[in-house]
Amino acid sequence: MKPQVLKGFRDYPPVEQIAREKMLGIARNTAELMGFLPLQTPSLECASTLLGSHYNEDSLNELFGFNGPDNVDMALRYEFTVSLARYIASNPVLPLPFRRYQYGNVWRVDKPGPGRFREFMQFDIDIVGTRNLLADSEIIATMVTMFNRLGVDNFKVRYSNRKILNGLIEFAGIENETGPNVMRVIDKLEKQGKEAVLAELGPGRTDRSGDKIPGLQLSDQQISQIEHFLDLPSDNDSAQLDSARSLLGNIEMSRTGLDELETIGRYLDEIRVNRDHVGIDLTIVRGLGYYTGAVFETTLHDLSDYGSMFSGGRYDNLVSRFQGTAVPGVGASIGIDRLLAALIELEAIKQIRSTSQVLVTVMDRERIPDYLNIVAELRESGICSEIYSGDSGNLTKQIKYADKVGISFAVIAGSDEFNQGKITVKNLEAGRSKAEETDSRKEWLKAEDVQETIERAVLCDYIRSKLHSDG
RNA sequence: GCCGGGGUAGCUCAGUUGGUUAGAGCGCCUGAUUGUGGAUCAGGAGGUCGGCAGUUCGACCCUGCCCUCCGGUACCA
C-alpha cells in the first residue's frame, strides 16, 4: 500500500524537530522564569466538556470527535482553555491566582492552508482567578521576555482593550448580538485592508476569487463612526489615548478600557519591559468572541506577512460552565510551528542535522569490543556519539554516512592505531570547507587539519576542545 | 463551505493537436578508491503518466465522477 499521512497532518523530520525542541526548551524556561507552573491535561476530553453550550452540529464537525470506549462521546481538544477551566473547577482548593503554562498538540478539522494544519502545537500561558491588571501586564511581559530569549529582536507586542470598542458599538446603536461580528470584521483590517472592512460592515464585498462575502448591513452613520475610530492617530501611546478619549470620553465603558490601557502601560514600564517592544494599537480586537478586556497580538517586523505569532487577551467568564461562578483570567497562546518557521527564516535558530557529534567507525569487526569501549568513553564524558551500526560497509561507506547525516567527527582506528596506542580523528566539517578549495582528490585527502592521529588517552579532551573551537 | 489552478521517476519539471519503445536535470545505487566524504569519470536501478468509469481500432492526452495537493476566501468554540 501507498505510504501516506492524513490530510492536514505532517511529519517533523529530525532537522526540524531538533530546532523545535530547542525552541520549546527556551519557551518552557522563560515561562518558569516568569513564575508559571507546568500543567498537562488529556488530549481527549468529553465532547460535552469541549463543546458546552456550543454543542451543535456545526461545532461537532469542527473537531475530531467520536463515540469511544464505554460508549462515551469524546473528542480531541482544539485548545487548552476549556481543559484549564475544567481543571480549575474540579480543584476547588487550588490557590488563586493560578499561573500556568501548557504546551502540546491540539486538533481542528479546518481546511489545511499554508502553514496551517489539523494537528499543531500550541504553547499557552494564563493567569486565572484575578481581575487585577497586574496579571495582564505579566502576560505581556512574559511574551516580550520569551521573544528576547528566543533571539528575536525586531518585534512588537501591540495591545488594546475590548471595552473601548464595546463602548463605541453601544454608542453607535449597534445591536448587542452584532457586536461580536463587528469585532470579527475589524480583525481583518491588517490582512484585508480598510476598504474591505468598511464594505463588510455595510453591504458586503466580493473577494479576489469572485466569491461573495455578506456584509453586516450597518448604516452609513454607524460605519463612519467606526471608520473615525480606526483612523485615530497611531503613533505613540499617549497620543492614542488622548485622541481616543476626545472621541469616546463620554462613553463610560470606553473610558474604563482606556484607563485600563494606561494602567497596563505604567506597569509595563515599572516591570522594565523595553518600550520598543510593546505599544498600544487601538485597532487590535481579535476575532474571537470571548474576550472581555485586554487583547494583544505580536508581530515580527521583518515577517509581518506571517501574521501574529503570540496573541491572547482577557476573558472574564471562563469557568462558569462548570461551577456557576465565573472565574476571570488572562492569557496568551503561541503557534509553535508558525514561530519555528519564522525563527528559521530569521536565522535566529541554527539548523542542526544530527544529534551525534562523533561517529566511531568499525574498521575491523574483530575489534568491536574496542570500538564499543570508545563510544562508551565518549558518552561518559558527555560527547554525543554513535558507533557505525550499519550491516556492512567499508570505511568509505561509513565516512559517507557520517557526512550525509551531518556528524562532525569520525573516529578511525585499525591495527596501525591500536599497535601504537593511538587513534585517528577526522574533522568532517573542516573537510567540507577544504573541498571548496581544490578539485584534486589527492590533494584534498592529504589536506592538513582535516585529520589527526593522536594518543588514544587524550581522545575525549581532543574532541571536546575541537567542538569548543568550532563554536 | 465557496472560487480558481495543478497531479508524469525519490525531487523539480518537459512532452504527446489520440498511435507502437514516455524524457531531462538533480538525487539514489555500484565501481574507479575493500584505511577515508567533496569534485571527476564509467556503469546501473527506478514510472500501472493520481484513482475509477466512459468515448475510441487504440487514451498519459478527450469526457464524467472521485481522491489529493496548491492559491484565494469564508467559518473557527
Side-chain angles (χ1 to χ4, degrees), chain A residues 2-8 10 45 47-56 58-63 65 75 77-83 85 106-116 118 180-181 184-185 187-188 191-192 196 200 204-215 286-291 315 317-318 321 359 361-365 388 392-418 424-447 450-451 453:
Chain A
K2 218 178 189 174
Q4 64 177 113
V5 286
L6 290 167
K7 177 181 178 162
R10 55 168 307 204
E45 296 270 7
S48 57
T49 298
L50 287 175
L51 292 168
S53 62
H54 298 281
Y55 190 91
N56 61 49
D58 278 352
S59 54
L60 195 61
N61 288 336
E62 285 167 20
L63 44 78
R77 64 187 176 206
Y78 56 85
E79 53 142 51
F80 298 129
T81 314
V82 174
S83 299
V106 299
W107 296 265
R108 296 183 193 177
V109 189
D110 287 332
K111 189 197 111 173
R116 197 173 181 191
R118 286 179 163 181
N181 287 330
R184 207 192 67 233
V185 171
D187 189 47
K188 300 181 186 182
K191 202 176 170 195
Q192 305 293 345
E200 268 190 65
R205 68 186 172 96
T206 307
D207 76 18
R208 230 185 304 172
S209 67
D211 199 16
K212 292 218 166 101
I213 298 162
R286 306 249 68 224
L288 299 185
Y290 55 71
Y291 292 118
Y315 43 84
N317 308 304
L318 177 62
R321 183 192 308 173
L359 174 77
T361 58
V362 176
M363 194 183 298
D364 179 354
R365 299 190 85 76
Y388 181 77
S392 67
N394 50 38
L395 198 52
T396 304
K397 245 189 176 166
Q398 301 187 35
I399 300 285
K400 269 189 176 172
Y401 164 81
D403 186 41
K404 268 186 241 173
V405 301
I407 296 175
S408 303
F409 293 91
V411 166
I412 301 167
S415 51
D416 291 356
E417 283 87 353
F418 284 117
T424 297
V425 178
K426 186 178 180 72
N427 186 336
L428 296 162
E429 285 298 337
R432 275 175 203 127
S433 29
K434 275 279 189 303
E436 290 166 16
E437 294 167 19
T438 177
D439 282 347
S440 153
R441 182 178 176 78
K442 272 183 192 165
E443 209 176 294
W444 179 60
L445 289 177
K446 278 184 191 163
V450 169
Q451 166 170 335
T453 299

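Quick note on labels: first sequence line is chain A, next is B, and so on, each numbered from 1. Worth knowing before you read on, the calculation uses all heavy atoms, side chains too, and leaves out hydrogens, waters and symmetry mates.
Spacing between atom CG of N181(A) and atom C1' of rA74(B) amounts to 13 Å, rounded to whole angstrom units. At whole-Å resolution of the value, CZ in R286(A) and P in rA77(B) are 10 Å apart. A straight line from CZ of R108(A) to C1' of rA74(B) spans 16 Å, rounded to a whole angstrom. Separating the NZ atom of K434(A) from the P atom of rG38(B) is a distance of 17 Å, rounded to the nearest angstrom. In this structure, CG of D187(A) is placed 11 Å from P of rC76(B), rounded to the nearest angstrom. The distance between atom CD1 of I213(A) and atom C1' of rG1(B), rounded to the nearest whole Å, is 13 Å. What separates CD of E200(A) from P of rC75(B) is a distance of 7 Å, to the nearest Å. With rounding to whole Å, D110(A) atom CG is found 15 Å from rC2(B) atom C1'.
The line from OH of Y388(A) to CD1 of I407(A) is 11.0 Å long, rounded to the nearest 0.5 Å. The OG1 atom of T453(A) sits 8.5 Å away from atom CD1 of I412(A), with the distance rounded to the nearest 0.5 Å. Residue E200(A) holds its CD atom at 7.5 Å from CD of Q192(A), rounded to the nearest 0.5 Å. The distance from the OG atom of S408(A) to the CG atom of L359(A) is 11.5 Å, given to the nearest 0.5 Å.
Not a single side-chain hydrogen bond (donor to acceptor under 3.5 Å, both in side chains) links D364(A) to another residue, sequence neighbours left out. Residues passing the salt bridge (Lys or Arg N to Asp or Glu O under 4.0 Å) test with E417(A), sequence neighbours excluded: none.
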In dot-bracket form, 5' to 3', how is RNA chain B paired? Count Watson-Crick and G-U wobble pairs only if both distances fall under 3.5 Å, and write | where the partner sits on another strand. (((((((..((((.....[...)))).(((((.......))))).....(((((..]....))))))))))))....

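Minimum interatomic distance between A413(A) and T361(A) (heavy atoms only, all atoms of both residues): N-OG1, 4.5 Å. Contact between A75(A) and G65(A) at its shortest, heavy atoms only, is CB-CA, 3.7 Å. When all heavy atoms of G414(A) and M363(A) are compared, the pair lying nearest together is CA-SD, 4.0 Å.
Comparing rC60(B) with rG1(B), their P atoms sit 31 Å apart, to the nearest whole Å. With both ends at atom C1', the span from rG50(B) to rC61(B) equals 15 Å, rounded to whole Å. On the P atoms, rA59(B) is 14 Å away from rG51(B), given to the nearest whole Å. When the P atom is used for both rG47(B) and rG10(B), the distance is 7 Å, rounded to whole Å. When the P atom is used for both rC28(B) and rC11(B), the distance is 14 Å, rounded to whole Å. Separation of the C1' atoms belonging to rA9(B) and rG27(B) is 11 Å when rounded to the nearest angstrom. Separation of the C1' atoms belonging to rG54(B) and rA14(B) is 29 Å when rounded to the nearest angstrom. Between rG25(B) and rC66(B), the distance separating the two C1' atoms is 34 Å to the nearest Å.
OP1 or OP2 of rA74(B) has at least one side-chain nitrogen or oxygen of Q192(A) nearer than 4.0 Å. Contact annotation: K188(A) side-chain N/O to rC75(B) OP1/OP2 distance is under 4.0 Å.
Checked by atom type and distance alone, the side chain of W444(A) pairs as donor or acceptor with a backbone atom of G431(A) at under 3.5 Å. Of the possible polar contacts, none joining the R108(A) side chain to the L63(A) backbone as a donor-acceptor pair under 3.5 Å is found.
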Close N/O contacts between protein and nucleotides 42-46 of chain B (under 3.5 Å):
none

Anything under 3.5 Å between a protein N or O and an N or O of nucleotides 34-36 of chain B, put it in a table, one pair a line.
from, atom 1, to, atom 2, distance (Å)
rG35(B), O6, S415(A), N, 3.4
rG35(B), O6, D416(A), N, 3.1
rG35(B), O6, D416(A), OD2, 3.4
rG35(B), N1, E417(A), OE1, 2.8
rG35(B), N1, E417(A), OE2, 3.3
rG35(B), N2, E417(A), OE2, 2.6
rU36(B), O2, K426(A), NZ, 2.9
rU36(B), O2, Q451(A), OE1, 3.4
rU36(B), N3, Q451(A), OE1, 2.8
rU36(B), N3, Q451(A), NE2, 3.1
rU36(B), O4, Q451(A), NE2, 2.4

Collect all protein-nucleotide pairs involving nucleotides 27-30 of chain B in which both atoms are nitrogen or oxygen and the distance is under 3.5 Å.
from, atom 1, to, atom 2, distance (Å)
rC29(B), OP1, K404(A), NZ, 3.3
rU30(B), OP1, K397(A), NZ, 3.2

Should V82(A) and L51(A) be marked as a side chain to side chain contact (heavy atoms under 4.5 Å, CB included) after you check the CA-CA gap, both sets of side-chain angles, and the distance that decides it? CA-CA 9 Å; V82(A) 174; L51(A) 292 168; over 6 Å; no

With side chain to side chain contact (heavy atoms under 4.5 Å, CB included) as the test, would you mind laying out the steps for T424(A) and Q451(A) before giving the verdict? CA-CA 7 Å; T424(A) 297; Q451(A) 166 170 335; 3.4 Å; yes

Test side chain to side chain contact (heavy atoms under 4.5 Å, CB included) on I399(A) and K426(A); report intermediate values, then the result. CA-CA 9 Å; I399(A) 300 285; K426(A) 186 178 180 72; 4.2 Å; yes

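In this structure, the side chains of F80(A) and V106(A) come closer than 4.5 Å at one or more pairs of heavy atoms. At least one side-chain heavy atom of F409(A) sits under 4.5 Å from a side-chain heavy atom of N427(A).
Closest contact between the side chain of R205(A) and the listed nucleotides rA74(B), rG37(B), rA77(B) involves rA74(B).
With the nearest nucleotide of RNA chain B identified for both V185(A) and G8(A), G8(A) has the one nearer the 5' end.
Y290(A) comes within 4.0 angstrom of sugar-phosphate atoms only, judged by non-hydrogen atoms across all strands, and of no base. As judged by a 4.0 angstrom heavy-atom cut-off over every strand, R432(A) is placed among the base-contacting residues.
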